[in-house]
Number of protein chains: 4
Amino acid sequence: MADKANIGILGASGYTGSELLRLLLRHPRVDIALLTADRRAGQAMRDVFPQFSPYALPRLVAIDAIDWPSAGLDLVFCALPHGTTQAVIATLLETAPNTKVVDLSADFRLSDPEAYARWYGHAHQAEALQREAVYGLVEVYRDEIKGARLVANPGCYTSCAQLPLIPLIRAGAIDTDEIVIDAKSGMTGAGRAAKEAMLFSEVSEGFNAYGVGHHRHMAELDQEFSKAAGRTVVPTFTPHLVPMNRGILSTIYVRGTAGKGPEQLHAILAEAYRDEPFVHVLPFGEMPHTRHVRGSNMTFIGVAKDRRPGRAIVGAALDNLVKGASGQAVQNMNLMLGFPETLAIDQVALFP
Amino acid sequence: MADKANIGILGASGYTGSELLRLLLRHPRVDIALLTADRRAGQAMRDVFPQFSPYALPRLVAIDAIDWPSAGLDLVFCALPHGTTQAVIATLLETAPNTKVVDLSADFRLSDPEAYARWYGHAHQAEALQREAVYGLVEVYRDEIKGARLVANPGCYTSCAQLPLIPLIRAGAIDTDEIVIDAKSGMTGAGRAAKEAMLFSEVSEGFNAYGVGHHRHMAELDQEFSKAAGRTVVPTFTPHLVPMNRGILSTIYVRGTAGKGPEQLHAILAEAYRDEPFVHVLPFGEMPHTRHVRGSNMTFIGVAKDRRPGRAIVGAALDNLVKGASGQAVQNMNLMLGFPETLAIDQVALFP
Amino acid sequence: MADKANIGILGASGYTGSELLRLLLRHPRVDIALLTADRRAGQAMRDVFPQFSPYALPRLVAIDAIDWPSAGLDLVFCALPHGTTQAVIATLLETAPNTKVVDLSADFRLSDPEAYARWYGHAHQAEALQREAVYGLVEVYRDEIKGARLVANPGCYTSCAQLPLIPLIRAGAIDTDEIVIDAKSGMTGAGRAAKEAMLFSEVSEGFNAYGVGHHRHMAELDQEFSKAAGRTVVPTFTPHLVPMNRGILSTIYVRGTAGKGPEQLHAILAEAYRDEPFVHVLPFGEMPHTRHVRGSNMTFIGVAKDRRPGRAIVGAALDNLVKGASGQAVQNMNLMLGFPETLAIDQVALFP
Amino acid sequence: MADKANIGILGASGYTGSELLRLLLRHPRVDIALLTADRRAGQAMRDVFPQFSPYALPRLVAIDAIDWPSAGLDLVFCALPHGTTQAVIATLLETAPNTKVVDLSADFRLSDPEAYARWYGHAHQAEALQREAVYGLVEVYRDEIKGARLVANPGCYTSCAQLPLIPLIRAGAIDTDEIVIDAKSGMTGAGRAAKEAMLFSEVSEGFNAYGVGHHRHMAELDQEFSKAAGRTVVPTFTPHLVPMNRGILSTIYVRGTAGKGPEQLHAILAEAYRDEPFVHVLPFGEMPHTRHVRGSNMTFIGVAKDRRPGRAIVGAALDNLVKGASGQAVQNMNLMLGFPETLAIDQVALFP
């Protein structure tokens with residue numbers, strides 16, 4: 001690899017695609033060499049996202065038109081819909097095996113083919129790659145990611161639940177049969193597909209839960225929590241939609257195991273993240289706001305006392321498009337390509 | 001009382017005051033005889049709330065300027081801040097004992113003087129009235145309200161938790177040691193006082209929990225849940241702020257007692273509210289949206305299955321200014337004055 | 001007609017359709033006998049708009065399935081898309097000539113077949129009805145509406161420009177060559193069709209002009225302003241989208257003719273609307289807010305002095321779904337069926 | 001000056017102050033040496049703006065506690081309220097004459113003492129500095145700014161009107177007696193002071209004009225337009241509030257002078273800004289959206305044809321806190337300290 005890496009973004013017409021571009025346009029070690037968007041092929045990026053109007057960028061192409069070996073890409077971000085992704089990546093890695101891939105879809109997050117088939121209703125089409133893929137939550141799998149060729153970028157909801165819970169589960173500090181995660185997401189989490197339920201007038205001035213009892217992000221939580229606990233963990237998880245663009249807040253209800261009160265849980269988290277650049281634990285009793293991480297790669301975590309003895313309320317906030325998707329993906333890229341981990345993703349939050 | 005009742009609103013410059021006026025201006029059996037707002041005394045209602053510009057209304061006066069006996073009021077709505085209320089109502093009922101009162105503050109909601117002192121930090125100043133006051137959740141206390149002189153209108157958060165939970169607690173259908181209420185409110189619930197944290201730019205495009213572990217509405221929940229259960233009940237309750245004007249959504253996590261699965265819980269609620277004009281239970285598995293009750297006196301309730309066996313997720317949505325405050329207050333007035341219960345509060349929700 | 005009129009709503013799955021239903025459910029003189037929605041035929045209204053869940057309503061049917069004569073409808077509201085409307089209404093009035101129609105589309109607003117063809121790109125398919133139709137701006141055409149069989153309900157933008165300008169034009173008080181209308185609309189004005197540009201995340205936290213120089217509502221303005229002036233009037237008109245659900249604000253820049261300063265323009269408007277129930281002229285210098293008319297059938301008008309001598313700034317605000325569409329349509333119905341004009345549309349604005 | 005400049009921010013508890021900090025924390029050539037906030041003195045920046053919680057920053061101090069000479073500051077940003085600013089800066093520059101100042105208030109924007117007195121109601125307290133100050137619109141006064149000690153950062157509304165209009169006025173391409181500027185701003189433009197009218201519930205879901213005919217930014221427009229024209233120019237200017245945090249959109253109505261149609265006006269602007277890093281002229285007929293410049297220092301300009309012959313509609317969009325305030329201020333600092341002009345302010349817009 002030369003001084004600068006050649007980067008491709010597959011699926012540049014969606015929100016995670018444009019967010020990757022926002023970050024990478026200010027990354028000093030990458031060149032944007034390829035942008036795809038099948039339905040918008042032939043158009044300029046500014047036709048799809050006018051905020052890029054002032055920048056010189058390659059024209060959008062269709063994936064089928066790409067010859068991977070001659071594309072000369074060092075790393076590809078794959079921001080395609082679930083399902084179509086696995087075939088694309090299989091082809092890419094077969095024909096250009098030295099290219100690295102950060103996949104932002106859910107296709108490679110579950111390592112167990114059976115779990116995948118159960119949650120997605122069909123067999124995985126690239127099981128060898130499914131086994132090869134490294135789960136890309138940097139704070140948990142940093143070392144594995146550095147050597148990986150294919151990284152499965154975590155889901156936004158699950159990142160916002162794993163970061164506050166994994167250290168507590170690993171420490172055996174909470175009852176893993178009693179985890180309730182009440183999660184709230186901004187609307188960009190629902191993507192850019194034109195659906196009636198996502199129209200401004202349908203969303204504004206309202207609030208609701210959805211996918212109650214059966215949201216697919218649960219599979220990812222089960223896998224990672226169970227791995228951290230060394231036993232099967234099945235949390236309750238309820239997602240909600242907030243009339244805002246960006247941000248996820250998790251309010252998590254836990255019971256400490258013997259001797260672990262809220263203060264101890266807080267201490268465990270503060271210690272776990274003391275040196276992490278993108279996870280910040282607030283003073284005990286303070287709870288995070290999504291607005292204070294907007295546009296940044298930061299996760300804020302807070303712990304407060306419940307009035308029921310032995311119970312704690314843990315809060316976590318991140319920007320679903322940054323630490324919950326594209327910022328996390330660039331963090332993974334930085335590790336995979338040997339760049340400083342925080343390069344181009346160290347912006348301060350945009351508030352208000 | 002003549003064909004029309006003479007009505008006063010104390011505290012007409014706040015949101016519950018203006019919402020009372022919105023409803024009462026279309027009530028065929030009342031005359032607005034008195035509007036108070038101490039800091040705006042002498043002004044017209046239109047100076048405080050321009051939407052009333054087209055209507056003929058009495059000028060705002062200060063409470064101290066009122067001679068209660070000569071005011072000739074049949075019923076007074078008291079929408080004053082907590083704390084100042086009890087002295088005002090004590091004076092009013094002493095000097096004009098035939099006037100009826102619906103109080104929208106928290107001052108008369110707790111029937112136990114000790115609980116009041118513990119939560120509010122000072123002794124109650126009108127303990128006899130505290131004993132006399134009837135708790136004004138119509139669906140629970142309809143008969144008592146009909147004969148009451150002083151009704152304590154319930155809090156918005158608590159209404160949105162009591163309506164879905166009281167029938168389940170009464171039926172012994174849920175484990176009362178395991179209730180988690182994750183509540184989300186629109187910003188009008190925070191009132192109209194000018195505070196930095198309530199500015200548009202501080203609130204928009206963000207989401208957060210607040211008052212974690214110590215919100216005063218808990219006292220009201222404890223009282224009513226314990227009364228319904230016949231034993232002490234202490235739920236977990238976490239309020240959040242949603243960037244919207246109106247609406248409360250409660251997402252409630254419960255465990256059914258032996259033999260009571262989510263479907264049974266749904267059946268209990270559907271039966272309990274079958275004939276209620278202002279509580280609507282959605283088909284099993286559907287969850288309520290705040291937007292579908294906006295501006296109406298309706299409460300929507302939904303029940304869904306959690307994937308953890310034996311557990312259910314119960315949702316409730318209401319408009320905090322209507323069924324959570326002023327609509328509930330007019331419903332109480334209708335009962336106290338012998339009017340049809342739904343008069344002037346049967347508007348259909350305003351969506352979008 | 002019996003004591004109650006039988007009413008049909010064609011196109012009940014859009015926002016103007018649901019808004020008609022919201023108003024008519026509280027109208028004491030109508031029965032909802034028919035609701036159509038071609039793509040949702042067979043479904044219940046609650047499946048399309050959950051806020052109607054508590055109400056008993058006829059199931060949605062397809063228009064082609066209706067036999068107009070046997071439907072026995074006294075009046076039909078037509079809330080169908082432009083273009084498809086004229087054929088539907090022609091069939092309806094041919095087979096059930098005693099039914100009255102209020103059409104909320106643009107199909108019958110232009111009385112000149114040539115103007116229609118020029119703006120819409122095809123010949124009108126029901127020219128006789130086009131000639132018969134009465135333009136339904138009540139404050140201008142009240143008498144004609146009372147006897148009409150077919151009323152063309154005005155556009156939302158145009159209502160918000162005509163109400164403040166028609167009296168000034170009629171009085172010869174402003175230079176009709178120098179009218180600039182800068183209009184801003186909430187998102188419900190764009191309808192309920194699922195389009196990327198209307199998604200919450202595309203709209204929230206942003207503001208823009210659109211249709212600059214060629215919005216079709218201009219044709220309606222030209223027609224009505226020219227009629228009022230007795231000469232051709234071609235105003236400048238620029239629409240904008242506001243990240244809110246409801247409301248239109250027009251900011252209008254005018255030059256008074258000799259001797260007519262801003263105060264005189266204000267006096268003309270105040271006099272013109274002194275007895276109108278749904279147009280309210282604010283004191284001189286006060287400008288209207290859309291929030292103060294939200295959910296109501298009211299229009300607020302204000303006039304202020306520009307600092308350039310002889311020039312005035314005129315503001316008007318209305319709720320695009322009420323006075324700008326469905327409230328105006330019910331007002332027309334009330335006149336056409338001989339009901340009191342304000343019946344069921346006299347709600348007070350919902351603020352906040 | 002060493003490799004890094006020592007920077008102070010006066011008034012760090014307001015939105016322009018925090019926005020300066022957001023940008024400067026990623027500026028490679030500055031150290032944040034001083035932060036003031038009189039009412040919050042002694043607190044940490046994180047207590048005032050929690051998004052800065054992860055960063056090491058000096059504690060807030062009161063201005064009176066500063067000894068300017070020993071503070072050793074190379075440049076001070078002054079983000080204090082109008083009026084108090086001039087005395088603070090006079091003291092600063094008297095006691096530490098080598099410090100440079102970028103003032104974000106209105107205090108030094110008007111160069112004419114009489115104009116200042118007329119618009120602000122009192123004599124200027126530092127007339128010598130008023131004469132010395134350079135007006136800080138970089139695209140117009142770049143050379144003067146490079147050598148300036150005191151720069152008066154332009155107002156947000158005025159920047160968004162000057163950038164599209166100054167080249168047209170200078171070229172004599174528009175009739176300067178016929179300029180109408182209809183401006184719309186997000187709520188951060190109103191600052192962070194706790195006022196009832198700025199509460200979320202007062203602002204959300206509504207739209208209105210304000211300050212009609214007498215907004216103080218007019219004085220700045222008059223001065224700069226008249227300077228550009230070589231004769232007195234008095235435009236019509238009407239500001240509005242949009243329920244969003246950031247962004248200003250100007251819709252400007254102009255008449256071309258003989259031979260200058262909309263296309264010619266577009267060509268003049270495109271040529272004027274061809275090499276400017278922060279002003280981007282869209283293709284003819286496209287109009288700008290505020291959302292596409294959010295969080296960036298970019299201004300987007302568009303020109304479209306009005307249907308009235310000879311007339312054009314010019315649109316401009318910028319982020320009021322960046323190019324309209326703090327980004328412009330950093331751009332000024334970069335020039336004053338000899339840094340590359342785009343350093344730390346070249347972020348891509350945050351959309352959605």
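In what follows, every chain begins at residue 1, and chains take the letters A, B, ... in the order their sequences are listed. None of these values were measured; they are calculated from a predicted model.
Chosen from Gly186(B), Ala190(B), Ala194(B), the residue pairing most often with chain D at heavy-atom distances under 4.5 Å is Ala194(B).
Phe200(B) pairs by the ring-ring contact (aromatic ring centres under 6.0 Å, His included) definition with Phe200(D), not counting sequence neighbours.
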Taking only distance into account, so ignoring hydrogens and angles, what donor-acceptor contacts under 3.5 Å exist between chain D and chain B?
{"unit_1": "Tyr15(D)", "atom_1": "OH", "unit_2": "Glu202(B)", "atom_2": "OE2", "d": "2.5"}
{"unit_1": "Thr188(D)", "atom_1": "N", "unit_2": "Ser201(B)", "atom_2": "OG", "d": "3.4"}
{"unit_1": "Arg192(D)", "atom_1": "NE", "unit_2": "Glu202(B)", "atom_2": "OE2", "d": "2.8"}
{"unit_1": "Arg192(D)", "atom_1": "NH2", "unit_2": "Glu196(B)", "atom_2": "OE2", "d": "3.4"}
{"unit_1": "Arg192(D)", "atom_1": "NH2", "unit_2": "Glu202(B)", "atom_2": "OE1", "d": "3.2"}
{"unit_1": "Arg192(D)", "atom_1": "NH2", "unit_2": "Glu202(B)", "atom_2": "OE2", "d": "3.3"}
{"unit_1": "Met198(D)", "atom_1": "O", "unit_2": "Phe200(B)", "atom_2": "N", "d": "2.9"}
{"unit_1": "Phe200(D)", "atom_1": "N", "unit_2": "Met198(B)", "atom_2": "O", "d": "2.9"}
{"unit_1": "Ser201(D)", "atom_1": "OG", "unit_2": "Thr188(B)", "atom_2": "N", "d": "3.4"}
{"unit_1": "Glu202(D)", "atom_1": "OE1", "unit_2": "Arg192(B)", "atom_2": "NH2", "d": "3.2"}
{"unit_1": "Glu202(D)", "atom_1": "OE2", "unit_2": "Tyr15(B)", "atom_2": "OH", "d": "2.5"}
{"unit_1": "Glu202(D)", "atom_1": "OE2", "unit_2": "Arg192(B)", "atom_2": "NE", "d": "2.8"}
{"unit_1": "Glu202(D)", "atom_1": "OE2", "unit_2": "Arg192(B)", "atom_2": "NH2", "d": "3.3"}

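Ala193(D) touches chain B through its backbone: at least one of N, CA, C or O sits under 4.5 Å from a heavy atom, while the side chain does not.
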